[in-house]
*Asks:* 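Sending over a structure as structure tokens; questions will come in a sec.
Remember, it's 1-based here, ligands and their atoms both numbered in the order they're listed. Values below: every heavy atom of this structure, side chains too, minus hydrogens, waters and symmetry copies.
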Amino acid sequence: MRRNDSVRAIKGVGEKAEQCFGKLNIETVGDLLEHYPRGYDEWKPIQQVSSVSEGETAALEGVFASRPTLKNFGRLKVLSADLQDASGAILVTWYNMPFLRSQLKMGIRYILRGKVGKKRGRLVVEQPKIYKKEEFYRQVGKLRPIYPLTAGLTNNMVIKAMEAALKETEGLNEYLPSPLRKRQGLVEYKKALRQIHFPADKEELRQGRKRLVFDELFLYQLALSYIRKRGREPSSHKMEAREEIGQFVEGLPFALTNAQKRVFGEIEKDLTDGFVMNRLVQGDVGSGKTVVAVMALYLAALNGGQGAFMAPTEVLASQHYKSLCGMFADRGVRVGLLTGSLTAKQKREAKEKIALGVWDVVVGTHAILQDNVVFANLALVITDEQHRFGVKQREELFEKGREPHVLAMSATPIPRTLALVLYGDMDLSVMDEQPADRLPIKNCVVNTDYRPNAYGFMKKQIDAGHQVYIICPMVEESEESELESVSIYTEQLREIFPPEIKVDSLHGKMRPRDKEDVMERFSRGETDILVSTTVIEVGIDVPNATVMMIENAERFGLAQLHQLRGRVGRGDAQSYCILMTGQPSKDSMERLSVLAGSNDGFYIAKEDLKLRGQGDLFGVRQSGEELFALADIFEDAEILTQAAKEAEAFAEEDIRLLCSKNKRLKERVERYLGQVTL
Ligand code: ADP
Ligand code: MG
């Protein structure tokens, strides 16, 4: 079996499993091997009953002092018993396993392992498994991988397939030169794969993870230096500066900030100096990036070039589309929208207008650059809220021989030092200033007892004509539960608030069309409260919203919280952010206090880096940063620096990796870059 074989080649993977894997974008054996665990179930030793806490999976040893009781709740049969050890007793329940009642013996010691929950204020071990002594002690200290799943695929199925793939795949050869491996203290590639999936202990996991994280960052850096070495290419879209831009600025309802002026100046220089622009604008949330992008698009249009403005979601794309139509209304710039949810006919018409040059600016999702869209004269590509325009995608643009200027806009604040390493192939502009009329957001961190007060406060804000976002409580990862928790929460709010207050909800499983309708109603002010999952986080701009409440705030990373909070404080009214916590640990309280104490994204990013330096291996992966499968640019900042250094050395010596000793590495980089040959 080889890397490129279909997953079907793995013993035990049939057509149905293949389809399920397909939903997770796993097509080949190689894809499967890179499907890393999202966490590990650690078999901890036996604990005392009195030391368990809610949410953990605990192993307990004790006796049942009295016979278990069996109760029926509708069709649900609940068996409960008290398990006792020297430290106390705890409630244990099993669902729909009535037969256990006669099997459990009084006065005999049992070892149980299960998840600890809370029912009516009491801790309870739910649905625990019973283990024989030897069986239990064989597992203690081991880590069992927990994989991202999809309907129809169980964790056990993935484990089985993974074991087979690790055992039988050939050609998982080492490709890093061994002096480099020694220098960096990295284990061999194949060993690392085994260690990340099935670590014998934490140390193995640390080693395996370190190697694979290094690989990701190293390959990325090599690809970057390759692009950088090529240097700035002469552009076939050299533009002339135009007076109309000044008139456009004068027509705006506000004065530009100095940062906006400076950044546009940098862009204008790039566009007019005869070389291809490749620039990243890092601007804090609310700093007003869109209008700067619009000015660049306008300049391109005035010079007869087309522009593509790409957003990560359809909702955001249509928001941009509307505001561009508004701003360009009497300036003769023709704007069009191209997204995945258009009908086939609409798409065909859109493509035609793009090909004929009828549209000067096309707003849409990444679909714009795929799907055989041909531009009459594409001069400028702007990606919003995408702090990278992937190395691969940029290569694609070059390959297609249409080398437009590229402008990436990101609100993910990353400390400058990191940005230089990560986006080393781009020029960097920083927009670190908020429009003058903004009042700083007022923040507070509260626990759930405060919820009624929070609702009261929201009512007042709504009565004063404002709107509210609530980020819904998070539940375990699963497809249905996201929907469920949003709808339950929304229903509850509708009961709590008087009927004239309109509550609406938004979640990731909705069709784009429906999402858009919800957003549309909210931005027109027809909805007062919008309950949402984190799908809301990117770029939505409704200046009239003044309250953001985030449930389970302790479960988010700082960068993401800052993004969420950035949905308010976008107009001239005072805005508020309520960070509601369930049971925060000391670490998460520390994080939240950083957030409560500052609204400055760049400061927060720096603090985040400091705090996460001590981050633990089992920490929940930071969502929103999908550039790497494993690496976390904050937590792994040290490895990132090392990888950059090593890659730099290669770039000096042999950027195309022509030396025969680098043959395998070359193959690996090429695979990483897609179809590109170095
Ligand atoms: P972001 O940088 O987060 O993408 P936007 O570009 O969406 O921010 O701008 C946020 C809001 O601020 C918008 O409603 C926009 O019209 C407004 N805005 C942009 N620039 C200024 C400015 N210089 N003064 C006042 N308001 C501005
Ligand atoms: Mg934006």
Side-chain angles (χ1 to χ4, degrees), residues 245-246 248-265 267 279-298 309-329 363-365 382-389 407-414 429-441 466-467 469 519 522-525 535-546 548 559-575 577 599-602 604-605 624:
I245 302 288
F248 173 82
V249 171
E250 255 154 49
L252 289 172
F254 45 73
L256 292 184
T257 64
N258 286 327
Q260 283 171 320
K261 286 185 208 155
R262 186 188 70 238
V263 171
F264 180 72
I267 294 168
R279 182 170 290 280
L280 173 71
V281 174
Q282 274 218 300
D284 207 347
V285 278
S287 59
K289 293 181 289 297
T290 314
V291 68
V292 173
V294 169
M295 289 159 70
L297 289 166
Y298 190 27
F309 192 7
M310 298 191 295
T313 63
E314 300 211 355
V315 171
L316 199 53
S318 69
Q319 175 188 291
H320 280 330
Y321 173 68
K322 276 172 208 123
S323 65
L324 261 64
C325 285
M327 285 193 256
F328 282 142
V363 184
T365 48
I382 302 184
T383 62
D384 187 25
E385 299 299 346
Q386 193 105 45
H387 33 299
R388 66 191 154 112
F389 185 45
L407 181 66
M409 300 199 301
S410 162
T412 302
I414 289 174
S429 292
V430 178
M431 238 153 74
D432 46 6
E433 189 185 342
Q434 295 286 327
D437 58 357
R438 297 281 163 77
L439 295 167
I441 300 173
H466 292 299
Q467 289 161 283
Y469 293 104
M519 273 322 300
F522 189 69
S523 80
R524 277 201 304 258
V535 291
I536 198 75
E537 83 180 282
V538 195
I540 295 299
D541 184 44
V542 181
N544 188 46
T546 52
M548 163 64 72
Q560 201 181 7
L561 286 171
H562 181 63
Q563 273 287 320
L564 288 168
R565 173 172 66 181
R567 296 316 109 217
V568 297
R570 301 174 82 86
D572 44 18
Q574 177 64 56
S575 288
C577 175
N599 289 317
D600 175 353
F602 290 93
I604 290 167

*Asks:* Taking 4.0 angstrom as the limit and counting only heavy atoms of T257, give me the atoms of ligand 1 inside it, by number and element.
*Replies:*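 Per the distance check, 23 (N).
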*Asks:* Quick one: does F602's side chain get under 4.5 Å of V430's, heavy atoms only?
*Replies:*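 A side-chain contact exists here, since the closest heavy-atom pair is under 4.5 Å.
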*Asks:* Can you check which of E433, Q319, K289, Q434 brings a heavy atom nearest to atom 4 (O) of ligand 1?
*Replies:*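 Checking each option, the heavy atom nearest atom 4 (O) of ligand 1 is found in K289.
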*Asks:* Using a 4.0 Å heavy-atom cut-off, which part of R438 comes near ligand 1: side chain, backbone, both, or neither?
*Replies:*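 Just the side chain.
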*Asks:* Side chain, backbone, both or neither: which part of P543 has a heavy atom under 4.0 Å from ligand 1?
*Replies:*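 Contact part for P543 vs ligand 1: side chain (C-beta onward).
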*Asks:* Are the side chain of H466 and the backbone of N544 linked by a donor-acceptor contact shorter than 3.5 Å?
*Replies:*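 Answer holds: yes.
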*Asks:* Once rounded to the nearest 0.5 Å, what's the spacing between atom NZ of K261 and atom CD of E433?
*Replies:*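 Those atoms lie 9.0 Å apart.
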*Asks:* With respect to atom 24 (N) of ligand 1, which of P435, A259, G286 exhibits the smallest heavy-atom separation?
*Replies:*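 Minimum heavy-atom distance to atom 24 (N) of ligand 1 goes to P435.
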*Asks:* If the cut-off is 4.0 Å to any non-hydrogen atom of V285, which atoms of ligand 1 fall inside it?
*Replies:*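 It comes down to these atoms of ligand 1: 3 (O).
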*Asks:* Check M409 against ligand 1 and report side chain, backbone, both or neither, counting heavy atoms closer than 4.0 Å.
*Replies:*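 No part of M409 is near ligand 1 at this cut-off.
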*Asks:* Does the side chain of M409 reach to within under 4.5 Å of the side chain of T290, using non-hydrogen atoms?
*Replies:*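 Side-chain contact under 4.5 Å: no.
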*Asks:* Compute the shortest N/O to N/O distance between G288 and ligand 1 and return yes if it is under 3.5 Å, no if not.
*Replies:*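 Checking ligand 1 against G288, an N or O pair does fall under 3.5 Å apart.
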*Asks:* Checking the N or O distance criterion of under 3.5 Å, is ligand 1 in contact with A255?
*Replies:*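 Between A255 and ligand 1 (N or O atoms, distance only) the closest approach is under 3.5 Å.
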*Asks:* When you look for heavy atoms under 4.0 Å from ligand 1, do you find them on the side chain of T290, its backbone, both, or neither?
*Replies:*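 The answer is both, backbone and side chain.
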*Asks:* Is S575 reaching over with its side chain to a backbone N or O of G569, donor-acceptor style, under 3.5 angstrom?
*Replies:*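 Yes; at least one donor-acceptor contact below 3.5 Å.
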*Asks:* Keeping the roles fixed (side chain from Q260, backbone from V291), state whether a donor-acceptor pair exists under 3.5 Å.
*Replies:*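 Answer holds: no.
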*Asks:* Just heavy atoms, cut-off under 4.0 Å: does L256 contact ligand 1 by side chain, backbone, both, or neither?
*Replies:*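 Just the backbone.
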*Asks:* Report the part of A411 (side chain from C-beta onward, or backbone N, CA, C, O) that has a heavy atom under 4.0 Å from ligand 1; answer both or neither where that applies.
*Replies:*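 Neither part.
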*Asks:* Given 3.5 Å as the limit, does a donor-acceptor pair link the side chain of Q319 with the main chain of E314, or not?
*Replies:*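 The answer is no, because no donor-acceptor pair under 3.5 Å joins these two groups.
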*Asks:* Using modelled atom types and a 3.5 Å cut-off, is there a donor and acceptor pairing between side-chain atoms of R565 and backbone atoms of I441?
*Replies:*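 No, because the side chain of R565 does not come within donor-acceptor range (under 3.5 Å) of the backbone of I441.
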*Asks:* Quick check for you: to the nearest 0.5 Å, what is the distance between C577 atom SG and H562 atom NE2?
*Replies:*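 Here the interatomic distance stands at 10.5 Å.
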*Asks:* Does G283 come within less than 4.0 Å of ligand 1, judged by its heavy atoms?
*Replies:*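 No.
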*Asks:* Closer than 4.0 Å to some heavy atom of S287 - which atoms of ligand 1 meet that?
*Replies:*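 Numbered from 1, ligand 1 contributes 2 (O).
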*Asks:* What I want to know is whether D437 and ligand 1 share at least one N or O pair that is separated by under 3.5 angstrom.
*Replies:*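 So ligand 1 has no N or O lying under 3.5 Å from an N or O of D437.
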*Asks:* How are the rings of F309 and H320 set to each other: parallel, tilted or perpendicular (split at 30° and 60°)?
*Replies:*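 Correct class here is parallel.
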